[in-house]
Amino acid sequence: MGSGLDAEELRQLYERFAPVVHRRALALLGRDADAWDIVQEVFERMLTAGARFRREARPMTYVYRVTTNLCLNALRSRQLREPVLLEAPEAAALTPSQWEAADFIRHLVGRMGERELEVATLHFFDGLTQEEIAGMLDVSRKTIVRDLDSIRKKAAELGRLPEALEAGRG
């Protein structure tokens with residue numbers, strides 16, 4: 001394992017983060033099998049990018065970003081393969097607002113850019129503040145404000161304003 005992670009360290013990381021990754025992936029993707037595929041991909045990335053993962057000040061930030069990006073990529077791929085299939089999440093223990101946010105994000109895939117989808121996921125699904133998102137993405141808070149305004153405008157044009165968006169939650 002030339003990545004700097006030994007087998008024991010990887011096992012410990014798996015025990016610590018696999019349940020978090022699976023819950024997040026299941027909530028965003030809505031399918032248990034797809035969620036487990038994401039778990040596998042996240043840990044493959046940890047293994048191949050072990051040194052970069054070790055340098056992270058907050059490992060959970062790395063895990064959330066990688067999981068979110070892999071889920072958004074999976075949703076894009078699914079949209080190409082199954083354009084008319086919209087489904088409710090399997091067995092995901094979501095609050096009503098999280099379910100609405102996940103449905104909203106799945107609807108926006110292919111209609112918004114990568115960063116907008118990531119910002120929408122972090123804000124509406126995870127409930128992170130503008131400051132927290134800016135720190136996680138290493139951009140200014142003003143950039144996040146602009147991104148959220150753009151997301152709201154595009155969502156309104158699509159007729160897809162969930163209650164959380166209509167309330168202007170900022």
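Just the heavy atoms: all of them, side chains too, but no hydrogens, waters or symmetry mates, feed the values below.
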What heavy-atom pair brings Phe104 and Phe124 nearest, and what distance separates the two atoms? CE2-CD1, 4.4 Å

What is the distance from atom CZ of Arg65 to atom CG of Asp138, rounded to the nearest 0.5 Å? 8.5 Å

About how many Å separate CG of Asp103 and CG of Leu28, when rounded to the nearest 0.5 Å? 12.0 Å

For Ala18, is there any backbone N or O sitting under 3.5 Å from a side-chain donor or acceptor partner on Arg23? no

Leu128 versus His123: any side-chain heavy-atom pair under 4.5 Å? no

Before giving the answer on side-chain contact (heavy atoms from CB on, under 4.5 Å), spell out for Ile38 and Asp34 the whole-Å C-alpha distance, their side-chain angles and the decisive distance to 0.1 Å. CA-CA 6 Å; Ile38 296 296; Asp34 292 347; 5.7 Å; no

Which heavy atom of Leu26 sits nearest a heavy atom of Asp32, and at what distance? CD1-N, 3.5 Å

First locate atom NZ of Lys154, then atom CG of Leu108, and finally report the distance between them rounded to the nearest 0.5 Å. 9.5 Å

Residue pair Phe17 / Thr67, side-chain heavy-atom distance below 4.5 Å: no

The reported gap from CG in Leu117 to CE in Met112 (rounded to nearest 0.5 angstrom) is 7.0 Å

Nearest heavy-atom pair of Ala27 and Ala102: which atoms, and what distance? O-CB, 3.5 Å

Per side-chain hydrogen bond (donor to acceptor under 3.5 Å, both in side chains), Gln12 is matched among Glu9, Glu15, Arg16, Glu8 by Glu8

With a 4.5 Å cut-off on side-chain heavy atoms, are Leu122 and Leu137 touching? yes

Val63 side chain reached by Met46 side chain, heavy atoms, under 4.5 Å: yes

Does some side-chain heavy atom of Asp126 sit less than 4.5 Å from a side-chain heavy atom of Glu132? no

Nearest heavy atoms of Ala35 and His22, plus distance in Å: CB-CD2, 3.7 Å

How far apart are the C-alpha atoms of Thr121 and Arg24, what are their side-chain angles, what is the distance that settles it, and do they pass the side-chain contact (heavy atoms from CB on, under 4.5 Å) test? CA-CA 11 Å; Thr121 302; Arg24 181 169 188 74; 3.6 Å; yes

Sub-4.5 Å side-chain heavy-atom contact between Leu75 and Arg78: yes

Between Met136 and Met60, is there a shared hydrophobic cluster once you connect ILVMFWY residues whose side-chain heavy atoms come closer than 4.5 Å? yes

Any side-chain heavy-atom pair of Asn69 and Tyr64 under 4.5 Å: no

Measuring from atom CZ of Arg141 to atom OG1 of Thr129, what distance do you get when rounded to the nearest 0.5 angstrom? 8.5 Å

Rounding to 0.5 Å, atoms CD (Glu116) and OG (Ser150) come to a distance of 4.0 Å

Just so I know, are the side chains of Arg146 and Thr143 near enough to count as touching, which here means a heavy-atom distance under 4.5 Å? yes

